[in-house]
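Because the structure is predicted, anything quoted here is derived from the model rather than measured.
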Amino acid sequence: MKFGFLLFALPFLALIAITSVVVFKVGVVFGVLKTPLVRQIVMWVFILLPIILITTMAIGNKHFNYINIFFYHIAVTWLPVLIYLFMGAVLLSLINFVAVYSGHPVNMYVLSVWVIVITAVATGYGIVNATMPRIVTYDIDSPALSKQWAGKNIVLVSDTHLGVVRSGKFMKKVVGKINEQKPDVVFIAGDIIDGPVFNYQKGLSPLKDIKSTFGIFYTPGNHEGYNPEPEKFYPIVKALTTTVIDSKTEVNGTAIVGLDYRRETVEATAERLKDTGFRADVPTIALLHDPTNVTTLMDAGVSLVLSGHTHCGQFFPINLVVRGIYKEYTYGVNVRGNSTAVTTCGVGTAMSPLRLGTNPEIVVLHIK
């Protein structure tokens, strides 16, 4: 097992352990875990599921196995459940504190049961919601883009995260939705795969069915970097798309620039953009998976910057944290001078297979 994985796994397990202890103790105090048998079952669930998660992640990074996938699904679904139970436990503790000191007793057992029911319903809704991509449409007035784009449809897709949770069946649904929009061009802004090993040919093959006037342009995200088989993955995706990595191509009188995912300074991003042969006097569409340095490209004169990565936080309350990090560039359209940036929530899910407070989406840009 690599040191980097241990560096992630140990603090992760420690955080889950602390959270689980709080939930367990509150459950005991408020009578939900009354009998010794129930307490023992719940205790083992709290102990085993994090171990199963780390184990299945490690196995999935090297081998595709349906049994492993089954247990991985259970373990990653447990993560948001634990978060919501923890939030409920904290809220119940505050209510009990106020009730005791105000002299107005509250039936904490009933409230605890309600927390469990609400958690179950919210999780179920989030899982179903994540499988139902929406179409989000923006009218873009971009004088910097070539006039040849006027009246045309640009489709932006990001973060399909194909692999263990999302399969070729999901990709087929996404492709069907894309074709319904009659796209003139399709851009895939990274994280087309989740990282673990899977059948790339089978999962990505629906891409060949996309009907687009000017084709499909793809730039990787951070999750492509987690994949241990780039020598197997990239030949397949390059055969199905025009893959643009730290380079430039041209279509419809416009330069298409793709910048690979990097954690770097704004200066480094600006230098990589320059190295692609970018010219500010040429209409340019850039794919930049992570919108952290998107303003660098806008200030350089890129006409249209397309990003994903944020998932808009994917589920509550993570969406609030993500919004605090990326601010206005978390989602939607931003204009800076003559440059426009669009960040999508993405269409897939990373790790936990649910979306709560966010929706999976395919973005359609109508250029005026």
Side-chain angles (χ1 to χ4, degrees), residues 80 122 125-140 152-163 165-194 204 206-207 209-212 216-219 221-223 241 285 287-291 294 304-316 318-323 325-335 340-367:
Y125 167 79
I127 291 171
V128 173
N129 184 50
T131 66
M132 302 171 65
R134 276 71 158 180
I135 301 298
V136 175
T137 303
Y138 299 113
D139 291 324
I140 302 294
K152 290 184 167 55
N153 290 339
I154 293 176
V155 170
L156 168 62
V157 181
S158 185
D159 301 278
T160 49
H161 287 275
L162 298 178
V165 174
R166 302 294 165 203
S167 65
K169 183 178 179 181
F170 180 73
M171 192 70 219
K172 188 173 181 181
K173 178 188 287 190
V174 171
V175 167
K177 289 277 188 181
I178 291 172
N179 284 336
E180 287 174 6
Q181 311 314 308
K182 297 183 172 23
D184 290 291
V185 66
V186 175
F187 292 106
I188 303 175
D191 283 4
I192 197 169
I193 61 172
D194 198 41
L204 295 168
L207 287 173
D209 298 322
I210 290 179
K211 297 175 177 62
S212 169
I216 310 165
F217 295 84
Y218 158 73
T219 296
N222 53 306
H223 278 255
T241 69
I285 298 174
L287 293 173
L288 182 68
H289 176 67
D290 183 344
V294 72
L304 178 63
V305 186
L306 305 177
S307 301
H309 184 63
T310 69
H311 291 229
C312 296
Q314 196 165 305
F315 61 86
F316 178 83
I318 308 301
N319 56 341
L320 303 180
V321 176
V322 170
R323 185 74 189 187
I325 295 171
Y326 291 97
K327 299 181 171 55
E328 68 268 29
Y329 292 96
T330 302
Y331 178 67
V333 178
N334 286 277
V335 178
T340 302
V342 180
T343 306
T344 173
C345 271
V347 72
T349 55
M351 287 192 72
S352 294
L354 77 157
R355 281 184 176 268
L356 193 61
T358 71
N359 295 317
E361 65 176 29
I362 295 165
V363 173
V364 180
L365 306 178
H366 296 310
I367 309 300

Pair listing, side-chain hydrogen bond (donor to acceptor under 3.5 Å, both in side chains) test, anchored in residues 343-357, at least two apart: R166-T349, T344-E361, R355-T358

Which pair of heavy atoms, one from [X] and one from [Y], lies closest together, and at what distance?
X	Y	result
P353	A130	O-CB, 3.7 Å
P80	L354	CG-CD2, 3.1 Å
G357	N319	O-ND2, 4.2 Å
D184	S212	O-OG, 3.3 Å
T330	R323	OG1-CA, 3.6 Å
H289	N222	NE2-OD1, 3.1 Å

[Y] side chain reached by [X] side chain, heavy atoms, under 4.5 Å:
X	Y	result
Y138	V363	yes
I154	I285	yes
H366	I140	no
V136	Y331	yes
F170	V347	yes

CA sep, side-chain torsions, deciding dist, call: V342, L156, side chain to side chain contact (heavy atoms under 4.5 Å, CB included): CA-CA 9 Å; V342 180; L156 168 62; 4.1 Å; yes

Under 3.5 Å donor-acceptor, T241 side chain and I216 backbone: no

Backbone N/O of D194 and side chain of H161: donor-acceptor pair under 3.5 Å: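 Side chain of H161 to backbone of D194: no pair is present.
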
Between [atom1] of [X] and [atom2] of [Y], what distance do you get to the nearest 0.5 Å?
X	Y	atom1	atom2	value
I188	I178	CD1	CD1	6.5 Å
F187	L304	CZ	CG	7.5 Å
K211	Q181	NZ	CD	13.5 Å
L207	I192	CG	CD1	4.5 Å
H309	S158	NE2	OG	9.5 Å
D159	D191	CG	CG	4.5 Å

Stepwise side chain to side chain contact (heavy atoms under 4.5 Å, CB included) test for I210 and N179: CA-CA 6 Å; I210 290 179; N179 284 336; 4.1 Å; yes

Greater than 12 external heavy atoms within 6.0 Å of K152's NZ: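 For K152, atom NZ is crowded (more than 12 foreign heavy atoms under 6.0 Å).
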
Listed partners of N129 passing side-chain hydrogen bond (donor to acceptor under 3.5 Å, both in side chains), at least two apart: R134, N359

